[in-house]
Amino acid sequence: MRIKKFTANNYVDALEQVKNELGDDAFIMSTRSIKPDSLLSGQKAATKVEITAAVEFKESNISTLDEELGLDEEKILDIKSLIFNLLSEKGQAQTLGLKPSQFETYSHLVENGLDERLASKILKKANAENDTKPAKEKVRIKNIMKKIIPFKGEINLKIGGPKVVALVGPTGVGKTTTIAKIAADYAIRKNKKLALVSLDTYRLGSINQLEIYGDIMQLPVEVADGAQALRDIVMGHSDKDLILIDTTGRSHQDKDYSRKLKEIFNVVGDVETHLVLSVTAQEAQHRKTYEQFVSLGVDRILFTKLDEGLSFGSMFNFLVQNRIPLSYFSIGQNVPEDLEVAAPDKVISLIFN
């Protein structure tokens, strides 16, 4: 962004200078009158006008700045960010192409983790609908956000055979507890036949935890150590409505794990995969985890630990950028109470409240 002051004898001339040097895209940051000191005692000096104006750098300007100052792109972005923060709220709103009245909402969205460019696009779309009432504008913004959140809701069972669903994701996001919550919903509330399967042969505690849940709900719990074992288990429970598979949590750096899971699931056939992410994790970790499992095929996204989250914009960013539909939210440790079918309204209320 380029900022410059222009002085002239009157406002029209000063504005013409702004237009000639900065172009039609420049916006006015401030104006003031200047009374120069008189050189001769008793002589009145003419009042002048000073305009402070700014314009966004175009790509060519950035390239020139890079060449002249020897700055890399990261440093240029830091400078632009610094200049942006020094502007008034009105100036920042104008820079983003927003109405001044929208800046408070924009700031709220960004402070709650929403991507700046995404927030700006949403507000510009709301602005384009030409309704000047602030109250209605916020409703329009929320409606726009709701429409772009992909979701499909709870697990849909099959007719004539068990639905096989696997939960995958990093360690510590609550996959085993979430499986117990889903199992309780279908077995106790919906009176469906279920079987629980663990592929987590690395952690004995995880298997024991799943077995405890199985005993409480009187559900069979099986352990599979590979593709053939999982195939035999699924065939052995062909009378079930739903088979839930718990998997080992692995670091996002383990790129080979997804390939191994895919080989196992291919033997079974149609396995619906839900990627489990915690809202307490950093957005970069969400992205890396998704990249780890994308080759496996991710059908749904399930977010946990909503009761521990401080901001929820990163959840919105992930869903919109990757277009993977939501399935459930896990909001605590209680089984089965702390599970709810995900809906866009919930995402919006978390961001705005």
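None of the values given here were measured: they were computed from a predicted structure. Excluded from the calculations below are hydrogen atoms, water molecules and symmetry mates; all remaining heavy atoms, backbone and side chain alike, are included.
Follow the hydrophobic side-chain contacts under 4.5 Å out from Val234 and you never reach Val267; the two are in separate clusters.
Not one N or O on the side chain of Ser198 forms a donor-acceptor pair closer than 3.5 Å with the backbone of Val223. Checked by atom type and distance alone, the side chain of Arg231 never pairs as donor or acceptor with a backbone atom of Phe265 at under 3.5 Å. Using a distance-only test at 3.5 Å, with no hydrogens or angles considered, no donor-acceptor pair links the side chain of Tyr290 to the main chain of Phe318. Under a 3.5 Å cut-off, the side chain of His108 and the backbone N or O of Phe103 do not form any donor-acceptor pair. A donor-acceptor pair is defined here as one N or O able to donate and one able to accept, closer than 3.5 Å; no such pair exists between the side chain of Thr304 and the backbone of Ser330. Side-chain atoms of Glu222 do not come within 3.5 Å of backbone N or O of Val197 as any donor-acceptor pair. Between the Thr178 side chain and the Gly174 main chain, a donor and an acceptor come within less than 3.5 Å of each other. Looking only at distances, a side-chain donor or acceptor of Tyr257 sits under 3.5 Å from a matching main-chain atom of Thr248. The backbone N or O of Gly169 sits less than 3.5 Å from a side-chain atom of Lys175, completing a donor-acceptor pair. Side chain of Arg300 to main chain of Pro325: no donor-acceptor pair is present (N/O by atom type, distance under 3.5 Å, no hydrogens or angles).
Looking at Asp13 and Gln17, their side chains never bring a donor and an acceptor atom within 3.5 Å of each other. Judged by distance alone, the side chains of Asn112 and Ser311 never bring a donor and an acceptor atom under 3.5 Å apart. Between the side chains of Asp338 and Gln333, no donor N or O sits under 3.5 Å from an acceptor N or O.
The CG atom of Leu123 lies 4.5 Å from the CD atom of Gln102; values are rounded to the nearest 0.5 Å. To the nearest 0.5 Å, atoms CD1 (Ile179) and CG (Leu194) are separated by 10.5 Å. For the atom pair CG (Asn353) and NZ (Lys346), the distance works out to 9.0 Å, reported to the nearest 0.5 Å. With rounding to the nearest 0.5 Å, the separation of OG1 in Thr176 from CG in Leu167 is 9.0 Å.
We find that Lys190 and Glu154 are joined by a salt bridge, their nearest charged nitrogen and carboxylate oxygen being less than 4.0 Å apart. Using a 4.0 Å cut-off between a side-chain N of Lys or Arg and a carboxylate O of Asp or Glu, Arg287 and Glu283 do not qualify as a salt bridge. A salt bridge is absent between Asp241 and Lys163; no separation between the charged side-chain nitrogens and carboxylate oxygens falls under 4.0 Å. Contact check on Asp185 versus Lys181 returns no salt bridge, with no Lys/Arg side-chain nitrogen under 4.0 Å from an Asp/Glu carboxylate oxygen.
Here the rule is side-chain contact (heavy atoms from CB on, under 4.5 Å) with Ile122, and of Thr105, Asp115, Ile144 only Ile144 fits it. In summary, of the residues considered (Leu350, Asp345, Ile351), a side-chain contact (heavy atoms from CB on, under 4.5 Å) with Val347 occurs for Ile351 alone. Shown are Phe293, Phe316, Phe303; of these, the ring-ring contact (aromatic ring centres under 6.0 Å, His included) with His286 is made only by Phe303.
Enclosure of atom CZ in Arg117 is not indicated, since only 12 or fewer non-hydrogen atoms of other residues, nucleotides or ligands lie within 6.0 angstrom. Heavy-atom contacts from other residues, nucleotides or ligands closer than 6.0 Å to NZ of Lys5 number 12 or fewer. Crowding of Asn191 atom CG: a count of heavy atoms from other residues, nucleotides or ligands under 6.0 Å not exceeding 12.
The heavy-atom pair separating Thr273 from Gly297 by the smallest distance is CB-O, 3.3 Å.
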